[in-house]
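The structure under discussion appears below in the form of structure tokens.
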Amino acid sequence: MTFEIQHTDPNSNARAGKITTDHGVIETPIFMPVGTVASVKAVHFHELKEDIKAQIILGNTYHLYLRPGIDTLERAGGLHKFNGWDKPILTDSGGYQVFSLSGNRKLKEEGATFRSHIDGSKHLFTPENVVDIQRIIGADIIMAFDECTPGTADFAYAKKSMELTHRWLERGLNRFDQTEPKYGYSQTYFPIVQGCVYPELRRQSAEFIASQHREGYAIGGLAVGEPTEIMYEMIEVVNEILPKDKPRYLMGVGTPQNILEAIERGVDMFDCVMPTRNGRNGMLFTSQGIMNMKNEKWKNDFSPLDEFGTSYVDKAYSKAYLRHLFISKEYLALQIASIHNLAFYLWLVGEARSHIQAGDFSSWKRGMVEQLGRRL
Ligand code: GUN
């Protein structure tokens, strides 16, 4: 994998770049649709590629390991062959999913034991076997096994948790460096910065992570219960230290406004379930603000779903029709909303990129953030 910075914004830390993987090029800043179980919920890959213009999608080690299981993925020849997505894939390590199972998991030095949310069976993830599993899944970018420290953790817990993540990182990197990709294309391993809401821990973690000299770095443990302003401050602290010539991935973030603020602070890659999950609940993000499609207000509004939208669904369907589909609990509602929201997120990061290239990112961003917050 290589990363090339093509433009930097004169008034902020925003940058436009190009990541090249064996499955193709990713233009940054980029949003990665979440495909937890080898599928981006309710969206065909044809739409993802041709209409939404996704360049990379995400998979989840935890979910793929439990179902379909690594035996099936290995027999298929890896996830790209299994699901037919031939562009880049990034897999999260399971650190976040295991953390979300709070009642059902136990952390120890060796790794994390957890019970499957599907059948209650017991499993162990270690920094080493999570590398092995991600080798079999065959993602282009694989993630370190970490503890995603809750945003509400006290300093002592956050420090202990960060130190465990660092020890796990060294073990994971050892395994990664001693093993080979299984399917003939290269894989790269991103370490993850933790440190909760404490600037000195974030600094320490960023320095440790940067000293591993890898091809890209992730910032974890944000948007997990801390105030938004603190999240922005932590991104600033970390990006002061992470090398400027490597891609930076902010994990699990966020709203369209969060993404623009993070781009301004030097982040290149994003993922979040928000466009798909909120979309399935009837919430549409647009450049003019947010719409709740279940609202009575749209009952007889036959205007296009989003007159400024870039997806075919934006012109093909009206607000009144989508509201009707949601009220009638039709599957098509989930499809239309997911396609619209993902196309909007990809449009937003593409616009950010164009404005970085044009040199007017900051002023464009200020206006856009204001518009995005409106309720339509
Ligand atoms: N997704 C969102 N936040 C995190 C994190 O801190 N770690 C991992 N592994 N995944 C995440």
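Atom set for the values below is all heavy atoms of this structure, side chains included, hydrogens, waters and symmetry mates excluded. Sequence positions, counted from 1, serve as the residue numbers for this chain. Given the structure is predicted, the values throughout are model-derived calculations rather than measurements. Whatever order the structure lists ligands and atoms in, that order sets their numbers, starting from 1.
For Arg202 and Glu233, the salt-bridge test fails: no basic side-chain N is under 4.0 Å from an acidic carboxylate O. Under 4.0 Å is where a charged nitrogen must lie from a carboxylate oxygen, and between Glu163 and Lys159 at least one such pair does. Using a cut-off of 4.0 Å between Lys/Arg side-chain N and Asp/Glu carboxylate O, Lys246 and Glu215 are scored as not salt-bridged. Note on Asp132 versus Arg175: salt bridge recorded, some NZ/NE/NH1/NH2 to OD/OE distance being below 4.0 Å. A salt bridge links Glu236 to Arg265: at least one charged side-chain nitrogen sits closer than 4.0 Å to a carboxylate oxygen.
Heavy-atom minimum distance, Asp9 versus Ser362: OD2-OG, 3.4 Å.
Around ligand 1, the residues contributing at least one heavy atom under 4.0 Å from the ligand are Asp92, Ser93, Tyr96, Asp146, Cys148, Ile192, Gln194, Gly220, Gly221, Met251, Gly252.
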